[in-house]
K.L.:
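Sharing a structure here in structure tokens format.
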Amino acid sequence: MNSSFVEKMIRAARLDVHLYEEIEADEKANTHALAVVILAAIAAGVGTKGGGLVGILIGSLVALIGWYVWAYLTFWIGTRILPEPETHASHGELLRTIGFAASPGLIRVFGVIPPLRDVIFAIAGIWMLVAMVVAVRSALDYKSTGRTVGVCIIGWIIQIILFALLLTVLGLGKAT
């Protein structure tokens, strides 16, 4: 099936397992996967509160870095620590599939509506996590959904801890 970029993003957001299998095998999808991640990061930047253009740029950059750290951790955990016997994946296969799993993150742009910001970001986060599970299961050839969920959540938690430590070291963390 030769889907357009937007159709692929919609299918990814709909959690279409067949799309994730197609993307895993399509080495030409790297650019589109990167574009999805960048668009989702920009949507996060726009949807974050305040800061004008600088806030958008910082929010976008943080979202982009966060996505890559999570992707790398997921690859490493999924292929080195918790692989299944059938697990076979390249870093590119995983980046392509989880790049498209960022598609639901586009709704974060609606965070510009202050009363809805937290709800929108929570919905986007959960939706992206579920899409990531579908993508990782496809890319890593997992049979177990439980293992896939574990790999994604472990990577997500480590990423949050790393960002919290970084913000604390930079003096940008919240004072308690």
K.L.:
Mind checking whether Val62 and Ile58 have side chains closer than 4.5 Å, heavy atoms only?
P.N.:
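Val62 reaches Ile58 side chain to side chain.
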K.L.:
Can Ile113 be reached from Trp127 by stepping across I, L, V, M, F, W or Y side chains whose heavy atoms are under 4.5 Å apart?
P.N.:
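Yes, Trp127 and Ile113 fall within the same hydrophobic cluster.
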K.L.:
Work out which heavy atom in Ile23 is nearest to a heavy atom in Ala29; give both atom names and the distance.
P.N.:
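Taking Ile23 first and Ala29 second, the nearest heavy atoms are CG2-CB, 4.3 Å.
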K.L.:
Between Arg117 and Ile120, is any pair of side-chain heavy atoms under 4.5 Å apart?
P.N.:
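Arg117 vs Ile120: side chains apart.
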K.L.:
What's the verdict on side chain to side chain contact (heavy atoms under 4.5 Å, CB included) for Glu7 and Ile10, showing C-alpha distance, side-chain angles and the deciding distance?
P.N.:
CA-CA 5 Å; Glu7 288 169 338; Ile10 291 168; 5.7 Å; no
K.L.:
Measuring from atom CH2 of Trp76 to atom CG of Leu82, what distance do you get when rounded to the nearest 0.5 angstrom?
P.N.:
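Rounded to the nearest 0.5 Å, the CH2-CG separation comes out at 10.0 Å.
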K.L.:
Would you name the heavy atoms of Phe5 and Ala35 that are closest together and state the gap between them?
P.N.:
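Scanning both residues, the minimum pair turns out to be CZ-CB, 3.8 Å.
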K.L.:
Just how far is it from atom CD of Glu24 to atom CG of Leu140, taken to the nearest 0.5 Å?
P.N.:
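Between atom CD of Glu24 and atom CG of Leu140 there are 8.5 Å.
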K.L.:
With a 3.5 Å distance limit and no angle check, can you tell me whether Ser60 reaches the backbone of Ala41 through a side-chain donor-acceptor pair?
P.N.:
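Yes, Ser60 side chain to Ala41 backbone: donor-acceptor pair under 3.5 Å.
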K.L.:
Does the side chain of Arg96 reach to within under 4.5 Å of the side chain of Glu27, using non-hydrogen atoms?
P.N.:
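In short, these two side chains touch, coming nearer than 4.5 Å.
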K.L.:
Any idea how Trp156 and Trp70 line up, ring-wise: parallel (<30°), tilted (30 to 60°), or perpendicular (>60°)?
P.N.:
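Correct class here is tilted.
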K.L.:
Tell me which pairs pass side-chain hydrogen bond (donor to acceptor under 3.5 Å, both in side chains) where either residue lies in residues 135-144, with sequence neighbours left out.
P.N.:
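Applying side-chain hydrogen bond (donor to acceptor under 3.5 Å, both in side chains) to every pair that reaches into residues 135-144, excluding sequence neighbours, yields Glu21-Ser138, Arg137-Thr145.
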K.L.:
Between atom OG1 of Thr168 and atom CG of Leu165, what is the distance when rounded to the nearest 0.5 Å?
P.N.:
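Answer for the OG1-CG pair, Thr168 versus Leu165, is 6.0 Å.
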K.L.:
Under 4.5 Å between side-chain heavy atoms, hopping through other hydrophobics if needed: is there a path connecting Met128 to Leu73?
P.N.:
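Per the 4.5 Å side-chain linkage, Met128 and Leu73 are not co-clustered.
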K.L.:
Please round to the nearest 0.5 Å and tell me the distance separating atom CZ of Arg147 and atom CD1 of Ile77.
P.N.:
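It is 12.5 Å, given to the nearest 0.5 Å.
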K.L.:
Specify the closest pair of heavy atoms between Ile98 and Ala71, including all atoms of both residues, with the distance to one decimal.
P.N.:
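In this case the closest contact between Ile98 and Ala71 is CD1-CB, 3.1 Å.
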K.L.:
Is any side-chain heavy atom of Tyr72 less than 4.5 Å from a side-chain heavy atom of His91?
P.N.:
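Yes - at least one pair of side-chain heavy atoms lies under 4.5 Å apart.
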K.L.:
Does Val136 reach the side chain of Leu94, with side-chain heavy atoms less than 4.5 Å apart?
P.N.:
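A side-chain contact exists here, since the closest heavy-atom pair is under 4.5 Å.
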K.L.:
Give a yes or no on whether Phe110 atom CZ has more than 12 heavy-atom contacts from other residues, nucleotides or ligands under 6.0 Å away.
P.N.:
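Atom CZ in Phe110 is not packed in, count stays at 12 or less.
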K.L.:
Any salt bridge linking Arg11 with Glu22? Criterion: basic side-chain nitrogen under 4.0 Å from a carboxylate oxygen.
P.N.:
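A salt bridge links Arg11 with Glu22.
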K.L.:
Please set out all donor-acceptor pairs under 3.5 angstrom arising from side-chain atoms of residues 101-108, sequence neighbours excluded.
P.N.:
from: Ser103; atom 1: OG; to: Phe100; atom 2: O; distance (Å): 2.8
from: Arg108; atom 1: NE; to: Gly105; atom 2: O; distance (Å): 3.1
from: Arg108; atom 1: NH2; to: Ala40; atom 2: O; distance (Å): 2.8

K.L.:
Looking only at non-hydrogen atoms, find the nearest pair between Val109 and Val46 and report the distance.
P.N.:
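Closest approach of Val109 to Val46: CG2-CG1, 3.6 Å.
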K.L.:
So how far is it from Leu39 CG to Leu64 CG, rounded to the nearest 0.5 Å?
P.N.:
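Reported to 0.5 Å precision, the distance equals 11.0 Å.
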K.L.:
How many angstroms lie between CE in Met132 and OG1 in Thr97, if you round to the nearest 0.5 Å?
P.N.:
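Reported to 0.5 Å precision, the distance equals 8.0 Å.
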K.L.:
Where do Ala12 and Tyr20 come nearest, in terms of heavy atoms and distance?
P.N.:
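Closest approach of Ala12 to Tyr20, heavy atoms only: O-OH, 2.9 Å.
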K.L.:
Carefully, step by step, assess Tyr68 and Val37 under the rule side chain to side chain contact (heavy atoms under 4.5 Å, CB included).
P.N.:
CA-CA 9 Å; Tyr68 187 79; Val37 173; over 6 Å; no
K.L.:
So Leu166 and Leu162, side chain to side chain contact (heavy atoms under 4.5 Å, CB included) or not? Walk me through it.
P.N.:
CA-CA 6 Å; Leu166 178 64; Leu162 290 174; over 6 Å; no
K.L.:
Linking I/L/V/M/F/W/Y whenever their side-chain heavy atoms sit closer than 4.5 Å, directly or via other members, would Leu95 and Phe75 fall into one cluster?
P.N.:
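Yes, it is one cluster - the side chains of Leu95 and Phe75 are joined through contacts under 4.5 Å.
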